[in-house]
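Each chain gets a letter, A, B and so on, in the order its sequence line appears, and its residues count up from 1.
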Amino acid sequence: MGPSVERKWQKKWLEAGIFEPEPDSGRKKFFITVPWPYTNSSLHVGHGRTYTTADIIARYKRLSGYNVLFPMAFHQSGTPILAFSERIRRGDKQTLQLYRDTLREYEKEEDIEKRIEQFKEPQNIATYFSERIVKDFNNLGYSIDWRSRFTSGDLFYQEFVKWQFRKLNSLGLIKNGEYPVLYSINDRNAVGEDDISDGDIDKVTIEEFTGVIFKGKDFSLIAASLRPETVYGITNLWISPDCSYVRFRMNEGTYVVSEEALEKFQYQHQGIEILGPVKESEILSSVFETPLEHRKIKAYTSSFVDPDNGTGVVYSVPGHAVWDYMAIKDAGLKLEPIKVLSLTGTDQSTVESLVKELDIHSLGDTDKIKEATQRLYKLEFYDGKMMENNGKFSGLGSEKARDGIKNELFQKEEGFIFYETSRKAQTRSGSKVIVAVLSNQWFIDYSVDWWKKASHEVVNSMFFYPEFYRNAMNDAVDWLRERPCARRRGIGTKLPFDDEWVIESLSDSTLYPIIYTNQPTISEIFHLLGKIPDEILEYVYNDGQEESIKHFDSEVVQLAKKARIAKDYWYGVDIRLTAAPHISNHLAFYIMNHAALLPKRDNPKGIIISGLLLANGAKISKSKGNAISLLKISTKFTADLYRLFVAVSADISSVLDWNETEIAAVRRKYESFVEYFNNEEAKVQSGNSQVEDWFLSKFNLHLREYFTRMDAFDIRGAYISVFYEVLNDLKYVENRGGNVYSCLGKIRDQWLKVMAPVIPHTCEEIWSSTGHTGFISAEEFSIAQVGRSEESVIITENYLQQTVTDLREIMKATGISPKTIDIEVCSNEVREAAAEMVENRLKDLPNNLKPLIPEFMKIRKNVNLEIADEFEILTRNREYMESLFGCKVNVSRAKVYPGKKNAWPGRPLIKLN
RNA sequence: GCGGAGGUUGCCGAGCCAGGUCAAAGGCGACAGACUCAAGAUCUGUUUCCGUAGGGGUUCGCCGGUUCGAAUCCGGCCCUCCGCACCA
């Protein structure tokens, strides 16, 4: 069935409002959410998987009799939309191209430039794409209640977020302090991944170096190191031969670093006074003291020193650093390496052994030296132990020693933190990116003990699918530390206690599902009052006392009561469904904010983590051009086919590959399903009541399996049972000469009902064309209503099939094409004897039947005493077998006395002639 | 390195938690047959090896162990993927 049929039903659903539930204390509720999409663009097949899965669950729960709330809203907080808009204003070619391509799907060619023009205003991007997403979602048949739709930028919502932050603050969970960020010098602004050239492909992170001070007579040198635990092994210093070094004052001291480093220093430290250039010879002729030990060392030049990395000064530990070791060799210096770390593991690699192993000859072998450095760094960090020459740090593991030495250096003012980017980076507009330390940064302090404890309790009380994510969730809660929660720019809510700051986009999106329960009412209050006072928010969302809102207008009080009732009925969220990358951020914040701020009863109840969706085996990304939009999905493939594919092709938890062959296979099955109903009126002359009974019994088994699996969120398993297996059974009925349409007639309504959560449009169409008036999407059906399965009927049919399989196997093994087949079913005597032997009463057997024992031992696993009348079954199906093998089949009862080879219960004796 | 997931028969992918009924579901692909002028679709069968009688051998990353019995439980090893963050 095509898109036009789907549109028809979507329209009818919307008009009838069947997905717009009201609180009803007489009915059990089910509340499912998926994180709101970010509205900088349209969504693609990959995004669709989670929303589709959620919709299937929502529809299933409705079928099972729940009052289901499945809402949706839109996210627009943060910087990306601003950044895109800004790039459009600037005429950035790549961005324009991206948006033109996206718009081409939705707009007429002549309207595209008009739209792009509007996108210079960020809000227009958000509004435009939320509209598209609503349409795309409707086109996929999602049973979303749109009445509670809102965005993270809405003013009424900002009132809620401010309330949330005031509460966090009053609990002492908001902190203020310094924080390093990636920063563009030219733009004088913090930069995000989107702003950095290739930032999405090659991530730039902030690395924390330890700046180590080497005191000299006229000035001190500062070297930056990632491995301060090696200071006891320092033999000398390195500077770059072609670099300008600069002298400056900071905190009473006089220091020298490279010109580039000084620029970075100025963004990380206050009160720097530049004194002027220093000659290389001045540095080389000076003597410096190592920190802690105060040994005298000298500085030398070496080509490997990069003025723009760290401070442009490197301290040299040839005993543990390959660069230093090679540099000393290259320079022909007579400096003996000092070993300060030994290894505890089996791998006993050293600088020397690695140089040999990787065949490193000079400083020119950069790649090899990098590899060796990498290996040694990891090895010594995790396996290293400080040797006896490390003062009070002797004997410590290197991780502990690093922290200890770092602190010691800081205390003695021989060191400080110096931030550096993990790689050299520039913004898309080409200006240099460095690390700057911002003061007055706001944090949410997720490290507080009571908070972590409360959060673990929530996690452990929740439902997880797959279950192993519970651990990941607990880990994520443990990992969380202080998180910057506000930025200088971006769309969103201003911090209530410091309006210079905008609440960052993940931090403003933790409690919002609660808004879904009563959005229209709460925003009405906002419109009446122009704000939402805390008393009302407390009353509605946090079990506040009615007393505290009595002073408001009765209209407001009535609304607040209504909002409260809705929230009490619907909240907490029964299932939140999303992809794995959300665990360590959004989901953790979501759980923790609930744990801290809302009553226990309203805590999240369950999380389902959906796997990735690939397109033809590859990760989907817009830049790769393999992102198929949801619009295209609904027009080119149809919603039902996509939904069926999502349901049936992979378990929720595993990777799903959207590829042509698989789609074609699912499509064929889907078409044969529809085909059956199209031909329902067709007549088949002969009926075969045995297969039909069998079919009905099997169908009921499939239904039971369906409900059991769906209740456990095994959507795939459930639909394999009720879709693939029922289709196969129908085919089987056909081959066995049964009347498919009589079978179909008996199961039709039930079959459609269980299929409707996945292919709702198709089912509605068939449902209405077969004389039903209401919507199938509003029908209920449960396991209690499933009919009986006659076990004996199924056993009979299995017996027949086993006999056929045996016949085939014999033919295959012997290569005989028989003219006639004789089948002998077992005699009553043998049957009784077999029953004895199955019970292990061999001795009680009459003597004349004892010769059966050896044969029984051999074939006992094939003996089946459950089959009623084998002779009757085989006789009844003689024609079937004859048509199957194209020869005459004789069925007879075996003689009384055992022969050389005997017929057994469930295993007739077969002879090919 | 730490944490998590996993390695199943040509491919994808169930089974493993609750050991036997597992040569191991389902799909894809391949092969053969039916239908067809033909192709496609559809249907039937085969798809680890051996086998002139429904049987047997060898398989579920590798090596051991527990058990009457292990794809399933335990220990060790090898390998792959994901996360290790402040980014939506």
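- For A:T814, the listed nucleotide lying nearest its side chain is B:rA53; candidates were B:rA88, B:rG26, B:rA53.
- Distance A:N659 CG to B:rC11 C1': 11 Å, rounded to the nearest Å.
- Contact check, A:R736 against B:rC43: no side-chain N or O comes under 4.0 Å of OP1 or OP2.
- Under the 30°/60° scheme for interplanar angles, the aromatic rings of A:H75 and A:W36 are found to lie parallel.
- The cationic atom of A:R483 (NZ for Lys, CZ for Arg) does not lie both less than 6.0 Å from the six-membered ring centre of A:F589 and within 45° of the ring axis.
- Summary of the strand contacts: A:Y724 and A:G78 both lie near RNA chain B, and taking for each the nucleotide with the nearest heavy atom, the more 5' one is attributed to A:Y724.
- Listed candidates were B:rC86, B:rA53, B:rA88. Nearest to the side chain of A:K911 is B:rA53.
- Here A:S584 does not reach the OP1 or OP2 of B:rG83: none of its side-chain N or O atoms lies under 4.0 Å away.
- In this structure, A:R667 does not reach the B:rA41 phosphate: none of its side-chain N or O atoms is under 4.0 Å from OP1 or OP2.
- Pairing for B:rC11 goes to B:rG27, judged as Watson-Crick or G-U wobble with the two contacts each under 3.5 Å.
- Residue A:N471 is classed as having no contact, given no heavy-atom separation below 4.0 Å to the nucleic acid.
- Classification of the A:H586-A:Y590 ring pair by plane angle, with boundaries at 30° and 60°, yields parallel.
- Among the nucleotides B:rA53, B:rA88, B:rC86, the one closest to the side chain of A:P80 is B:rA88.
- For the pair A:N735 and B:rU44, the criterion of a side-chain N or O lying under 4.0 Å from OP1 or OP2 is met.
- Each of A:R483 and A:K812 was assigned the nucleotide of RNA chain B with the nearest heavy atom; the assignment lying further toward the 5' end belongs to A:K812.
- Nucleotides B:rC63 and B:rG19 place their P atoms 24 Å apart, quoted to the nearest Å.
- For the pair A:R667 and A:Y670, the cation-pi test (distance below 6.0 Å, angle within 45°) is failed.
- Residue A:R668 has a polar side-chain atom (N or O) positioned under 4.0 Å from OP1 or OP2 of B:rC28.
- Distance from the side chain of A:R808 is smallest to B:rU44 among B:rA88, B:rG54, B:rU44.
- The side chain of A:R716 has B:rG13 as its nearest neighbour among B:rG13, B:rG54, B:rC43.
- When only modelled atom types and interatomic distance are considered, A:Y179 and A:E482 share no side-chain donor-acceptor pair under 3.5 Å.
- Spacing between atom CG of A:L727 and atom C1' of B:rA41 amounts to 16 Å, rounded to whole angstrom units.
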